[in-house]
J.: 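Before anything else, here's the structure in question.
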Amino acid sequence: MNAIANWINSLTRMVFQVAIIDFFKKVSATKKDIKTAKKMAGKKHLMRAAKIGNLTLYKWSSSPPFVEEKLRQLFLKDLLTDLRSRVNFWKRQIKSVQKMVASGQALEKSDPGDPMDATTLSKALSIYRQCQEIIDVAVVNQAIARCEHKITKYNQFRTLFGEGQKYAQQKQYKKAKLSFDRAKTLFDIPLIRDAIANCSGQIQGQNQYETKLQQAFDLATKGEFNSALNVVNSALKKFPRQDGQKLVAELNRVIQGKNCYRRGLSAEQSQNFPEAESCYKRSIQLLPEFTESKIRLAILSIKTQNWQQAIAHLQGHSGEQISYLRGFAHLGLGELKQAEREWRSLSHPQIDSQLKVVRQLMRLVCLKSLRQIEQFVDDNNLDRARATSAQFLQTYGSDPLVEGNLNNHIQPRLEATIWESQDWHQIARATEQSWLQNGDAKSLHNWAIATYYQAQIAPETRPDWIVAATTALANLKRDPALKNIPWLPQSSIDFHEVFDHFFGNLETAIDSLKDENLAEYMKLRDRFRLDAIALKFIKKSPHRAAKINDMILLPGCYHRHNHHFPNVRVSQASNSTSTEANILPALYTSWGLAVAAAFDGDVERAIYLKPSRNYQFNSYQKNEYFAQKFVAYSEGCHHLQKQQWRKSVDPLNAIKTELRSHPEWHRELDRLCQSQLQALANSEEQLTFGDFWYQLLGTEASRSYWVESRIQKIVEDLEGDRISYHQGLSRLRELQTVDSNNPRLVQVIAAIEYQIEAEELEKLLKNNQFERLFEKAKQSQNREIKTKTAQVFAEIFVAGFKEHKLGFEDIYNFARWTYELVPDDPNAREMYEIGRQSKEINDLMKNDRFEEAVNRARYCSDDLLRQYVAEHLVISIIEASKRENVPPHLLLQFIHWAYQISPDNPALTSVYREFGMY
């Protein structure tokens with residue numbers, strides 16, 4: 001096999017100047033090496049990548065034979081050109097890193113080693129980290145670790161030194177010295193040695209001070225406050241410190257408070273109660289924790305028979321003495337039950353006898369109250385009987401006799417009396433109070449009936465009827481009027497039919513007002529809608545309704561009576577992304593009417609019903625939080641649907657951070673925003689709307705539109721010469737960080753890059769900087785730039801050939817540049833062949849190998865090149881003969897060579913005749 005491969009290689013090398021088997025092996029190895037180099041570069045191993053790239057490029061000749069060149073185009077395409085560009089880029093990066101590392105090392109060396117100043121090291125570390133972003137190399141990583149270690153030590157030193165300074169300022173010299181000693185282990189510098197010496201000189205004074213301070217604490221604990229104060233003051237004279245000064249202030253406070261208390265006792269003993277009260281209050285101000293002053297104030301109030309004040313002074317305190325005094329005050333108020341409760345836990349013998357007296361009095365008072373109730377009933381004074389019964393139960397607690405009499409006799413007779421009066425205002429008030437007191441189905445039924453009849457004679461009370469009726473419907477199955485009907489079995493009652501009947505009547509009654517009083521109708525409809533929507537959700541999830549005594553409270557009733565039902569629990573809004581899951585809790589908030597209107601699709605009414613023009617979110621109040629979010633979302637959608645996007649900005653921006661947690665809202669807003677695009681008036685409005693949409697939602701559509709509107713603005717600014725191409729390109733590249741795949745963005749960037757490159761290349765062309773022009777064009781990613789530059793080079797090449805304005809080197813360069821820019825162009829290939837042959841001929845002539853050069857020129861395939869070489873020989877020898885004496889035989893030799901190369905050259909016919917060639 002090797003022999004066959006060698007034979008094929010030899011044959012193809014002889015025929016085509018390329019060993020075909022070796023060529024394909026080299027192609028395979030090259031592709032593998034390029035892939036490896038790119039992988040190394042991706043891992044920031046640039047040195048290794050550049051080395052692999054260079055070795056790969058060295059394998060390939062820069063001036064390959066024609067067949068090899070074609071094979072390269074076919075099997076390698078632009079891989080080598082791309083690799084060469086990458087290798088050059090990697091080399092530039094490596095050089096840049098080397099310079100940066102040298103700069104960082106210079107900064108490291110210039111670091112003074114002062115741990116109080118890490119500026120120089122920080123700058124060096126910053127440079128090394130910039131290098132690390134470019135290349136992964138040991139010298140950089142080691143430098144970073146080295147700098148970070150030094151800076152960490154500097155920071156530790158500064159922290160310990162600052163800690164020591166703080167302790168020293170507080171005159172905590174022992175702690176300060178400990179911190180300074182730890183800092184010294186890091187850096188032993190004069191600054192730290194001086195600080196340690198200063199602390200060491202102060203420690204003895206600190207020890208003496210702290211000994212006296214402990215003595216003062218011990219004296220204060222024993223109650224010897226003045227002695228403690230004297231000890232502390234003497235210690236502070238020699239060693240002033242903040243904790244001692246605080247102790248002095250505390251001791252002065254205690255001494256003054258005690259003195260006030262003593263003056264109060266003296267004034268009290270002298271029967272000067274106002275002065276005593278003033279002293280005790282001043283003592284409490286100074287010593288709020290001193291209970292004795294409050295006890296003395298309570299005793300003063302008892303002495304002056306100010307019982308309520310005595311109880312107030314003892315509020316929040318406990319103890320036998322306090323319980324006795326509080327019971328005594330309650331006794332003074334005639335509150336026997338409370339007095340008995342306070343004294344029952346006391347164990348003093350004298351209290352036992354007093355407690356017996358109190359209990360005897362309680363029995364007498366109870367008996368008296370019972371007789372009063374009985375007398376009120378006999379006199380048909382049922383209101384007084386009910387009030388006295390209620391007072392009795394409040395004072396003495398539950399009593400079966402009183403409760404039975406009240407509920408079974410007094411209350412029913414009162415209610416019957418009220419209903420018989422047919423004063424519907426009074427009946428409505430009474431039944432509502434009964435509902436608030438009892439919270440049962442019977443009282444709710446009566447209130448609903450009363451408000452219905454009241455609404456018939458007093459239309460202004462219709463809101464009361466709506467609240468009562470809807471709440472009664474919510475509790476329909478518990479209504480006693482639908483139970484125990486003799487002629488109708490309970491199981492045969494169709495509650496759904498009953499519900500629909502009464503609900504429809506209520507709705508019809510409200511709708512009938514539309515033509516009579518629109519404003520009143522709107523208010524009633526708002527209230528009815530609030531409860532109607534709540535009923536809809538409660539049917540699905542009755543456990544989520546607010547309840548009292550297992551009775552459902554609809555939002556209207558809850559808002560009306562929430563101060564009467566402080567313990568009613570309303571279910572909290574959940575974290576569910578579903579809107580409907582959180583509507584019911586939101587209806588119970590102050591935004592309930594607006595939420596109901598928005599949910600019903602009446603968003604304009606919802607905006608009107610908002611309790612506040614501004615949205616003020618409080619995430620701790622979950623129900624109100626969701627209610628405001630929902631109304632804000634509905635308001636935003638409403639304005640977008642009416643193509644009034646500017647009005648939607650404030651409400652939607654208010655919930656911007658919440659939209660991600662509500663995907664359905666997010667999708668709908670994105671759809672509505674897309675529907676605005678046709679109505680935008682001009683580019684300025686498009687820009688403003690694009691900002692709003694993208695910042696609000698950040699969706700793919702909003703991002704695309706935001707980028708498109710920005711592109712349009714940049715294009716208009718470029719067309720109006722308000723910005724330069726470079727400014728425009730910079731702004732467009734910023735947009736790429738947002739949407740790198742936007743087709744129009746890619747197109748406009750390409751067009752501007754082309755324009756910028758074209759201007760730069762035109763400037764180089766005008767200044768005849770051809771090589772620089774070639775390099776710039778070759779680096780360009782724009783094929784049109786390369787093609788047009790190649791066309792320019794080709795024109796110069798042709799004109800130079802015809803007019804003899806180009807030397808052999810220029811001919812070769814322009815041919816090579818043209819070919820490298822457009823290697824697929826057959827004309828460029830032909831030019832390159834001419835340039836390559838001209839270079840070979842010129843190299844031979846430079847080395848005085850004229851005969852070989854002439855032979856090489858004679859067998860050139862291009863007539864134009866042969867003519868050019870012949871003319872060059874003639875022109876060269878003639879110009880030489882003008883400058884110096886050229887031997888005749890040499891002159892004749894050059895003319896003869898020219899004739900051999902191009903005998904039919906019309907430009908040289910006269911020369912040939914003159915020298916006898918014809």
Side-chain angles (χ1 to χ4, degrees), residues 166-167 169-172 206 208-333 338-339 342-343 345-346 348:
K166 179 182 176 183
Y167 285 135
Q169 289 171 357
Q170 296 171 355
K171 296 188 180 294
Q172 299 277 359
Q206 179 182 343
Q208 293 172 353
Y209 164 80
E210 289 176 348
T211 300
K212 288 190 175 182
L213 193 68
Q214 186 58 48
Q215 291 176 1
F217 276 118
D218 293 341
L219 290 169
T221 304
K222 296 175 183 177
E224 300 176 19
F225 300 112
N226 288 317
S227 299
L229 184 61
N230 292 333
V231 171
V232 176
N233 282 329
S234 66
L236 287 172
K237 287 179 182 178
K238 297 178 181 179
F239 196 89
R241 203 167 80 177
Q242 191 175 12
D243 55 350
Q245 293 165 352
K246 287 182 177 179
L247 181 57
V248 166
E250 188 68 14
L251 287 170
N252 282 326
R253 182 178 69 86
V254 172
I255 290 169
Q256 291 175 21
K258 292 281 188 177
N259 288 338
C260 287
Y261 177 73
R262 293 190 191 96
R263 287 198 298 272
L265 285 175
S266 177
E268 186 180 350
Q269 290 170 359
S270 302
Q271 301 297 309
N272 188 352
F273 293 158
E275 176 64 19
E277 183 180 9
S278 176
C279 290
Y280 291 145
K281 286 182 177 178
R282 176 60 180 159
S283 175
I284 290 169
Q285 288 177 351
L286 293 167
L287 290 174
E289 69 275 17
F290 187 52
T291 311
E292 291 299 320
S293 296
K294 295 180 181 178
I295 291 173
R296 296 313 307 178
L297 275 176
I299 291 172
L300 275 180
S301 298
I302 289 172
K303 287 180 177 180
T304 57
Q305 297 188 359
N306 193 341
W307 314 112
Q308 290 287 6
Q309 192 176 46
I311 294 170
H313 287 314
L314 299 173
Q315 186 70 31
H317 297 281
S318 59
E320 288 205 351
Q321 185 182 13
I322 289 171
S323 293
Y324 175 76
L325 293 173
R326 196 154 43 213
F328 198 91
H330 282 301
L331 192 62
L333 288 169
Q338 289 85 338
E342 292 287 347
W343 286 359
S345 60
L346 303 180
H348 197 279

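Computation of the quantities below employed the complete heavy-atom set of this structure, encompassing side-chain atoms and omitting hydrogens, waters and symmetry-equivalent molecules. All figures in this text were calculated on a predicted structure; none of them were measured in a lab.
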J.: Would you indicate whether the side-chain heavy atoms of N230 and F225 approach each other to under 4.5 Å?
T.: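 F225 vs N230: side chains apart.
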
J.: Within the structure provided, determine whether R296 and L265 are in side-chain contact (heavy-atom separation under 4.5 Å).
T.: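 Of all side-chain heavy-atom pairs linking L265 with R296, at least one is under 4.5 Å.
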
J.: OG/S301 to CD/Q308 distance, rounded to the nearest 0.5 angstrom?
T.: 11.0 Å

J.: Nearest 0.5 angstrom please: F217 CZ to T221 OG1, how far?
T.: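 Spacing of CZ (F217) from OG1 (T221) equals 8.5 Å.
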
J.: Can you tell me if S283 uses its side chain to pair, donor with acceptor, with the backbone of G257 under 3.5 Å?
T.: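 Between the backbone of G257 and the side chain of S283 there is a qualifying donor-acceptor contact (under 3.5 Å).
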
J.: So which of L247, L219, L236 actually passes side chain to side chain contact (heavy atoms under 4.5 Å, CB included) with V231?
T.: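 Of L247, L219, L236, side chain to side chain contact (heavy atoms under 4.5 Å, CB included) with V231 is met by L219 alone.
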
J.: Minimum heavy-atom separation for C279 and C260, please, with both atom names.
T.: CB-O, 3.3 Å

J.: Working to the nearest 0.5 angstrom, can you tell me the gap between S234 OG and Q215 CD?
T.: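 So the OG of S234 and the CD of Q215 are separated by 8.5 Å.
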
J.: To the nearest 0.5 Å, tell me how far R241 CZ sits from F239 CZ.
T.: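 Result: 6.0 Å between the selected atoms.
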
J.: A216 and V232: which non-hydrogen atoms are nearest, and at how many Å?
T.: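 Smallest heavy-atom distance, with atoms named: CB-CG2, 3.1 Å.
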
J.: Using side-chain heavy atoms (C-beta onward) and a distance below 4.5 Å, is Q172 in contact with Q206?
T.: yes

J.: Do we see a donor-acceptor contact under 3.5 Å between the side chains of E268 and Y280?
T.: yes

J.: Mind listing the closest non-hydrogen atom pair of A276 and A267 along with its distance?
T.: N-CB, 3.6 Å

J.: Scan for side-chain hydrogen bond (donor to acceptor under 3.5 Å, both in side chains) pairs involving residues 246-263, sequence neighbours excluded, and state none if there are none.
T.: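 Listed by first then second residue: E250-R253, R253-E289, N259-R262.
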
J.: Counting distance only, does the side-chain N/O of T304 pair as donor-acceptor with the main-chain N or O of L300 below 3.5 Å?
T.: yes

J.: When rounded to the nearest 0.5 angstrom, what is the spacing between CD in Q170 and CD in Q242?
T.: 7.0 Å

J.: Between the side chains of D218 and Q214, is a donor N or O closer than 3.5 angstrom to an acceptor N or O?
T.: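 The answer is yes; a qualifying pair exists.
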
J.: Roughly how far, to the nearest 0.5 Å, is CD of E224 from CG of L251?
T.: 12.0 Å

J.: With a 3.5 Å cut-off and no angle check, do the side chains of N272 and E275 form a donor-acceptor pair?
T.: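 No donor-acceptor contact under 3.5 Å links the two side chains.
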
